[in-house]
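Start at 1 and go down the list; that is how both ligands and their atoms are numbered. Just so it is clear, the values below take in all heavy atoms, side chains as well, and ignore hydrogens, waters and symmetry mates.
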Amino acid sequence: MAKPNTGHQSWWSGQSRRKKVLLLLTILIIILGLALGLGLGLTIGREGGEEEEEQPPTTIPPGTNGTTWQPAVNSTWQIALLHPLDLSDGVESLRPDVGIYDIDLFTNPPSTIQALHRAGKRVICYFSAGSYEDFRPDSSQFKKDDLGKELDGWPGERWLNLRSETVWKIIEARMRMAREKGCDAVDPDNVDGYQNDNGVSLTQADSERFMLRLSSLASNLSMSIGLKNAADLIPSLISRTQFSVNEQCVQFSECSSFSPYISAGKPVFHIEYPHNAPQIASNDTFCRDSGQGEGSELFSTVLKDMDLDGYVQFCNGQTANTTLSL
Ligand SMILES: *[C@@H]1O[C@H](CO)[C@@H](O)[C@H](O)[C@H]1NC(C)=O
Ligand SMILES: *[C@@H]1O[C@H](CO)[C@@H](O)[C@H](O)[C@H]1NC(C)=O
Ligand SMILES: *[C@@H]1O[C@H](CO)[C@@H](O)[C@H](O)[C@H]1NC(C)=O
Ligand SMILES: *[C@@H]1O[C@H](CO)[C@@H](O)[C@H](O)[C@H]1NC(C)=O
Ligand SMILES: *[C@@H]1O[C@H](CO)[C@@H](O)[C@H](O)[C@H]1NC(C)=O
């Protein structure tokens, strides 16, 4: 049985050929337009993403207050952190008689820094920028979430999340304290958490960005700043820092990594801990082996005890015990 013809034509077959062509063209243009817009959107989105991933941390401009103290290569120095310097017998009685003292920012009063300045000395103020120490007067300001794992061998001291603005504010305040106390330079320690099991997912880029920011601030505050260890950061930080402070490059056979500072006319303040490395034959070896890379015989080398007390031995054999007050 044939399907009954209802006698109705469809809407489409009722249209003229010209109208059909126009309609199809319109639909085609709309589809093309949508596809183009979508494609463009996708491309822009992807480019935006790539830009974000590839954004170098070096976008932090240098500080603006240019003239900071540039210490000379091969300068004599002493680092004594365990206790504040004891100047009760006058700066003249301090042994060893060096040009530069690296001392604790918190425990030394402004009068010590002023007295050292009057005697023609320069002062580098040490503080930890990348670790939490529970005994510091500002330690209650850190948030629990910003504290990572303990530092190997330093119970109670924990890595800090260097991406945190809370951490930055506290460290910024420490930098301002250094300026107010009259420090010529700062020695911010523990900026190499990315090389350790830190518990706060620190990357090298985090450290780089943090140090660039610190160096910008140091310059704004008219202070010099050193890069502590962290050899990977030297390419991006060497032009933004005035010296290197290195621990144990002989023990870890990496002194040549730090000699670019010497080539750039900037000193390397170098510390070895002979008591911590009994496998190394003698104190002479520490001194001789610091000269294993281009210019590294000009490192300012001191042999110290691990707790950075007053005792120091220099590579010319001179030993001294700087007075520290308890
Ligand atoms: C730059 O440093 C000088 C000397 O320390 C200081 O007097 C001045 O206020 C600083 N300027 C700025 C903009 O920080
Ligand atoms: C480096 O310093 C030491 C100790 O002050 C000095 O004896 C030596 O001559 C200096 N070397 C150079 C090349 O300036
Ligand atoms: C240093 O000063 C400049 C100019 O005022 C400013 O743009 C920059 O943010 C400052 N750096 C830091 C780390 O505060
Ligand atoms: C080696 O240097 C250390 C200081 O770090 C000192 O305590 C020790 O007595 C020195 N040893 C010799 C044999 O001079
Ligand atoms: C350095 O001086 C301190 C305080 O007088 C003393 O306890 C320590 O034994 C001395 N260290 C050396 C290696 O002479």
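- Close approach to Q313 involves these atoms of ligand 4, each under 4.0 Å from a residue heavy atom: 1 (C), 2 (O), 10 (C), 14 (O).
- A search for side-chain contact (heavy atoms from CB on, under 4.5 Å) contacts involving L308 returns I79, L81, I271, Y273, K304, not counting sequence neighbours.
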Output, or 'none' if empty, a list of ligand 2-protein atom pairs in which both atoms are N or O and the distance is under 3.5 Å, rounded to 0.1 Å.
residue	atom	partner	partner atom	Å
ligand 2	2 (O)	N74	OD1	3.1
ligand 2	2 (O)	N74	ND2	2.3
ligand 2	11 (N)	N74	ND2	2.9
ligand 2	14 (O)	N74	ND2	3.2

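- In this structure, E272 has no heavy atom closer than 4.0 Å to ligand 4.
- Note on D138 versus K169: no salt bridge recorded, every NZ/NE/NH1/NH2 to OD/OE distance being 4.0 Å or above.
- When only modelled atom types and interatomic distance are considered, S216 and S219 share no side-chain donor-acceptor pair under 3.5 Å.
- Proximity of S325 to L85: side-chain heavy atoms (C-beta onward) are nowhere separated by under 4.5 Å.
- Interface atoms of ligand 4 facing H275, defined by a heavy-atom separation under 4.0 Å, are 7 (O).
- By the 4.0 Å N-to-carboxylate-O rule, R176 lies too far from E180 to be salt-bridged with it.
- Within ligand 3, the atoms closer than 4.0 Å to a non-hydrogen atom of R213 are 13 (C), numbered from 1 in the order shown.
- R118 and E92 are not joined by a salt bridge, as no carboxylate oxygen comes within less than 4.0 angstrom of a charged side-chain nitrogen.
- A salt bridge between D184 and R179 is absent, with no side-chain N of the basic residue lying under 4.0 Å from a carboxylate O of the acidic one.
- Residue N220 has at least one heavy-atom neighbour below 4.0 Å for each of these atoms of ligand 3: 1 (C), 2 (O), 3 (C), 8 (C), 10 (C), 11 (N), 12 (C), 14 (O).
- Interface atoms of ligand 4 facing P274, defined by a heavy-atom separation under 4.0 Å, are 2 (O), 5 (O).
- Of all atoms in ligand 4, listed by their number and element, those nearer than 4.0 Å to a heavy atom of K304 are 5 (O).
- Here the side chain of S244 pairs no donor or acceptor atom with the backbone of F258 at under 3.5 angstrom.
- Contacts between Y311 and ligand 4, counted as non-hydrogen atom pairs separated by less than 4.0 Å, involve the side chain only.
- Inter-residue side-chain proximity for Y261 and F299 is flagged as unmet; no heavy-atom pair is nearer than 4.5 Å.
- K228 and E247 are joined by a salt bridge, as a carboxylate oxygen and a charged side-chain nitrogen come within less than 4.0 angstrom of each other.
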